Visitor: 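Can you read through this structure? Questions will come right after.
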Amino acid sequence: MNRFDWCEAFHHLPGKPLSFEERPYLRDVYNSTARRIVLRCSRQVEKTTFICNVVVHAAVTLPGVHIVVVFPRQDQASVFANSRLRPVVKESPLIRRILLGARPKKWKVTHMRFINGSEVYIRAAFHSADAVRGIDADYLLVDEYQDIAGGDLPILEETLSHSQHRRVFLTGTPKSIDNHLEDAFGRSTANEWRVPCQCGRQVFLDEKCLGLNGPICPACQTGLNPKSGIWVPRNPKSIWGDGFTLNHLATPWLNYRELLEHQQSYDPAMFRNECLGLPTYLGDHIVTREEVESCCQEQPMAKSLEDVPLAQRDHLIAGIDWGGGAVSRTVLVIGYMRNDDHFVIVFMERYHAREDPNEILKAISERINQFHVRLAAADAGGVGSVYNPLLLSMVPQMLGLYAMFYSAAGQAPRQHQGRASNWTIGRTPSIGMVFTRIKKQRILFPRLADCSSFLDEICCETAEYDDHNRTIKHTHPETQQDDALHAINYASALARLAMDAKYSY
């Protein structure tokens, strides 16, 4: 019996047998006999379930087999052992009887020994492969392979050096095009799930297939049925191993409306990685000059409050990125959020780095008073810790000022003192959302002639891989500034917060 049918026949989840119904793409994945298998997939397509099922199948059908399962972090290893592997063994009658016997003993999370002689080692290897040294194994399974230290696969594979089986399974979600997960996938057969269209094309499910109501053929706009797809190898002659790439669009539990919402709210790189299972091309500009210019309206930059639509004059929000040093400049952005979720910028102004700080504070306070700005979000780093309290004291009519901190992950705003609040937002996700909204033309600028130089500070941004945190980050050339981008980010983030909270201001 092949692995696919065996798992359906004998695996039980809590309360019910395992079923692969409506997932025709899984049969070839489970039944591949290649020595190496790599799955490059989006989140939530059952990658870890696959790892668990391979472990159990091997432990039962190959008595005495030694299996090593590797995760980047120890907490991931513990969750796998306790929430994935343990329930399958305990809830499946045949598997429980073969592996545990009539009187099951308590097993160790890191080293499970079963009565048929099979053993499972579960290890974490974020920084190095040292945790698996000295283990003799037959099967090596690595989950979240993209987050394992680059270059560690040969060391991990050394655990298989004396085995007659020597099977390797790698699963992960892509990040950059030069990540080692992408390298492994490129060396494999690289099977793509392609859906036939009535126009004769075999369509690969990516961002070009996102129609209004479901996946469509990008050539003829006809609706597609992902369940009718077939695996098509990019490298059919590969001798390295089998590879498969899969994303949300192929799964039966897809909530298409939610996917489109993610496309509009996620960082473009995150959406491509997490939802489409595709890598990010590093060094590419995240938005083009053409995309930014397409967001420019015909209205000129506002010179006074009278140039702002009457209904929006009591809803203006400011974003400030404070300058510092000899190069970085201070940028002020003023705008409002429309009811249709478009952030409209009415005014932008730049203050050069060498200007007197007192003059900059005076100029910004005058602009805030001139436009009757009620809420502001300003950079809290560097000179911001000094300038923000001073600015707040100079504009008594303003309801609140949010001191903005960048971090890897965001937190809810916290009131600091009086009208001052502190707000930590995720740097990459929040900036990524600005780019997403620009691509969707949900951030609108004044006419191009009035804001052209500010647009340069948006389209200069590129994607770069952060080796330390194993994430994509946004950066810009040293010869160009991106102060306007951060001021827009602060203002639009606060505008969304105000809209969601339905502030009356």
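Values below: all heavy atoms of this structure, side chains included; hydrogens, waters and symmetry mates excluded. Since the structure is predicted, the reported quantities are computational estimates derived from the model, not experimental observations.
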Visitor: Ignoring hydrogens and geometry, is there a side-chain-to-backbone donor-acceptor pair from Tyr256 to Gly211 under 3.5 Å?
Guide: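 Judged by distance alone, yes, a pair lies under 3.5 Å.
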
Visitor: If we ignore hydrogens and angles and just use 3.5 Å, is the side chain of His248 paired with the main-chain N or O of Arg43 as donor and acceptor?
Guide: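 Checking the backbone N and O of Arg43 against the side chain of His248, a donor-acceptor pair under 3.5 Å is found.
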
Visitor: Regarding Glu290 and Thr288, is there a side-chain donor-to-acceptor distance under 3.5 Å anywhere?
Guide: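 No - no donor-acceptor pair under 3.5 Å links their side chains.
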
Visitor: Do the side chains of Val373 and Phe347 get nearer than 4.5 Å, heavy atoms only?
Guide: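 Of all side-chain heavy-atom pairs linking Val373 with Phe347, none is under 4.5 Å.
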
Visitor: Consider only side-chain N and O atoms of Gln264 and Arg442, and report whether a donor and an acceptor are under 3.5 Å apart.
Guide: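 There is such a pair (donor and acceptor under 3.5 Å, judged by atom type) between the side chains of Gln264 and Arg442.
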
Visitor: Name the one of Leu494, Leu391, Ile368 that satisfies side-chain contact (heavy atoms from CB on, under 4.5 Å) with Leu401?
Guide: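 It is Leu391; the other options fail the test.
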
Visitor: Any side-chain heavy-atom pair from Tyr145 and Thr171 closer than 4.5 angstrom?
Guide: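 They are not in side-chain contact.
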
Visitor: Where is the tightest heavy-atom contact between Cys451 and Met301, given as atom of each residue plus distance?
Guide: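 Heavy atoms only, the tightest pair is CB-CE, 4.4 Å.
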
Visitor: Without swapping roles, check the side chain of Thr436 against the backbone of Gly432 for a donor-acceptor pair under 3.5 Å.
Guide: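 Present.
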
Visitor: Near Glu298 CD, under 6.0 Å, is it more than 12 heavy atoms from other residues, nucleotides or ligands?
Guide: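 No, CD of Glu298 has 12 or fewer neighbouring heavy atoms, counting only those of other groups under 6.0 Å.
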
Visitor: Look at the rings of Phe71 and Phe80 and say which category their plane angle falls in: under 30° parallel, 30 to 60° tilted, over 60° perpendicular.
Guide: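 Phe71 vs Phe80 ring planes: tilted.
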
Visitor: Can any side-chain N or O of Trp231 pair as donor or acceptor with the backbone N or O of Tyr25 at less than 3.5 Å?
Guide: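 Pair found, side chain donor or acceptor close to backbone of Tyr25.
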
Visitor: For the side chain of Asn247 and the backbone of Leu205, is there at least one donor-acceptor N/O pair under 3.5 Å apart?
Guide: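 Answer holds: yes.
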
Visitor: How are the rings of His486 and Tyr490 set to each other: parallel, tilted or perpendicular (split at 30° and 60°)?
Guide: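 The rings of His486 and Tyr490 sit tilted, inter-plane angle from 30° to 60°.
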
Visitor: Are more than 12 heavy atoms from other residues, nucleotides or ligands located less than 6.0 Å from atom CD of Gln44?
Guide: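 Open.
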
Visitor: Distance alone, cut at 3.5 Å: any donor-acceptor contact between the side chains of Ser188 and Arg40?
Guide: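 There is no such pair (donor and acceptor under 3.5 Å, judged by atom type) between the side chains of Ser188 and Arg40.
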
Visitor: Cation-pi check, Arg496 to Phe343: give yes when NZ or CZ is under 6.0 Å from the six-membered ring centre and within 45° of the ring axis, no otherwise.
Guide: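 Negative - Arg496 is either too far from the ring of Phe343 or too far off its axis.
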
Visitor: How close do Pro226 and Trp193 get, heavy atom to heavy atom, and via which atoms?
Guide: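 For Pro226 and Trp193, the tightest heavy-atom pair comes out as O-NE1, 2.8 Å.
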
Visitor: Whether Arg73 and Asp75 form a salt bridge (side-chain N of Lys/Arg under 4.0 Å from carboxylate O of Asp/Glu) is what I want to check.
Guide: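 No salt bridge links Asp75 with Arg73.
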
Visitor: State, to 0.1 Å, how close Lys208 and Pro218 come at their nearest heavy-atom pair, and which atoms those are.
Guide: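 Heavy atoms only, the tightest pair is O-CB, 3.5 Å.
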
Visitor: Salt bridge check, Asp356 against Lys362: does any charged N sit closer than 4.0 Å to a carboxylate O?
Guide: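 Salt bridge between Lys362 and Asp356, a charged N being under 4.0 Å from a carboxylate O: no.
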
Visitor: Could you tell me whether the side chains of Glu144 and Gln146 share a donor-acceptor contact shorter than 3.5 Å?
Guide: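 Side chains of Glu144 and Gln146: pair found under 3.5 Å.
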
Visitor: Asn191 and Phe185: which non-hydrogen atoms are nearest, and at how many Å?
Guide: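 Result for this residue pair: O-CZ, 4.2 Å.
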
Visitor: Taking Leu392's backbone N and O only, do any of them form a donor-acceptor pair with Arg419's side chain (distance below 3.5 Å, no angle check)?
Guide: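 Side chain of Arg419 to backbone of Leu392: a pair is present.
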
Visitor: Is it true that a side-chain atom of Ser492 and a backbone atom of Asn489 form a donor plus acceptor pair closer than 3.5 Å?
Guide: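 The answer is yes, because a donor-acceptor pair under 3.5 Å joins these two groups.
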
Visitor: Is there side-chain contact between Arg23 and Pro252, with heavy atoms separated by less than 4.5 Å?
Guide: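 Yes, their side chains come closer than 4.5 Å.
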
